[in-house]
Amino acid sequence: MSKAKVGVLISGRGSNMAALLYAAKAADCPYEIVLVAANDPDAPGLTLAAAEGIATFGQSHKGMKRAAFDAIIDAQLRDAGAHYVALAGYMRLLSPEFVSGWADRMLNIHPSLLPKYKGLDTHQRAIDAGDSHAGCSVHIVTAELDDGPVLGQTPVAILPGDTPDSLAARILIAEHQLYSRTLADFVTRERQPDWLLNRVREAALALPQADEIVSHGMPCFGIVKGKKFAYFTRDHHGDGIIAVLVKTTAPDEQAMLMESDPERYYRPAYFGNDWVGIRLDLGDTDWDHIGTRLRSSWQQVAPRKLMGLMDVADQF
Ligand code: GAR
């Protein structure tokens, strides 16, 4: 199975990046690092990554508008083929465009037990508050700073006499372990059948008058009392494939798609030429594209009176 491609953004030392990179050397690690980029060309982490044979990019953000600088980083990540982004001590606020471009595919590590102590000086604040434990969190990045669903945390006991530095040093050990483990879990969830089915289900059931039944042993989505527009297949007849089957919009579209990306698209057995299978188990599924395909499949089978509903939905 191919490894998930991860781009890492750093600002300085890059010890979390190094932890991710060393973990990725294990043969069974489900991700690989395809780029390390920094907003400081002299970030020590870049030298470390380059010595390990990883592509690097460093450019100062100084004097640039936030969105313009983020667009440069975004282009570097996409050119490198990154499918996920891991922020590892990247000390820059991100533009909304950048965040939405990597929605649900960008993680951050933060040195506190979120939701406590967002922002800076986390160690000092935990000590000042008299907390028994500080720690670290890995979370999905959303528009709000240090917000977004927490995927994993490690509590670290605060010792008598701890200073922010002594506490930070111990938390860093926990960070290095937590980040690679959480990232590995995160990139593999996109290959788990139940997670994939839920994504398809969410998109399919959001369409007007859609419902779900089981047909030929497959979860299947159709219009209430009407025709089916999508099937979810998981190892059907032992083929080992996880895919969604949708109706195409034109007779030769199936052939065109299969030719454009033979690994992803296939002709589903027993479905004829106007359906196409789209594999979901390749680890780089474009969910916007799946949404578009489900929608156009719905349009192929929807009765005229329902098409109006879709037109209304389009206006919002
Ligand atoms: C880490 O402790 C990380 O959690 C923190 O910066 C340090 C970077 O160290 N990140 C934040 O505070 C983000 N809000 P590193 O460069 O050695 O990984």
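Every number for a ligand or one of its atoms is a count from 1 in the order of the listing.
Between the side chains of Asn39 and His61, at least one donor-acceptor pair of N or O atoms lies under 3.5 Å. For the residue pair Asp131 and Tyr117, a side-chain donor N or O sits within less than 3.5 Å of a side-chain acceptor on the partner. Side-chain polar atoms of Ser15 and His176 form a donor-acceptor pair below 3.5 angstrom.
Classification of Asp261 and Arg279 as a salt-bridged pair fails, no side-chain N sitting under 4.0 Å from a carboxylate O.
Heavy-atom minimum distance, Ile140 versus Phe186: CD1-CE1, 3.8 Å.
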Once you restrict both partners to nitrogen or oxygen, which atoms of ligand 1 have a protein partner under 3.5 Å, and how far apart are they?
| from | atom 1 | to | atom 2 | distance (Å) |
| --- | --- | --- | --- | --- |
| ligand 1 | 2 (O) | Glu175 | OE1 | 3.1 |
| ligand 1 | 2 (O) | Glu175 | OE2 | 2.9 |
| ligand 1 | 4 (O) | Glu175 | OE1 | 2.7 |
| ligand 1 | 4 (O) | Glu175 | OE2 | 3.3 |
| ligand 1 | 9 (O) | Arg13 | NH2 | 3.1 |
| ligand 1 | 14 (N) | His110 | ND1 | 3.2 |
| ligand 1 | 16 (O) | Gly14 | N | 2.8 |
| ligand 1 | 17 (O) | Arg13 | NE | 2.6 |
| ligand 1 | 17 (O) | Arg13 | NH2 | 3.2 |
| ligand 1 | 17 (O) | Ser15 | N | 2.8 |
| ligand 1 | 17 (O) | Ser15 | OG | 2.6 |
| ligand 1 | 18 (O) | Ser15 | N | 3.4 |
| ligand 1 | 18 (O) | Asn16 | N | 2.9 |
| ligand 1 | 18 (O) | Asn16 | ND2 | 3.0 |

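Considering only heavy atoms from C-beta on, Leu94 comes within 4.5 Å of Leu87 through its side chain.
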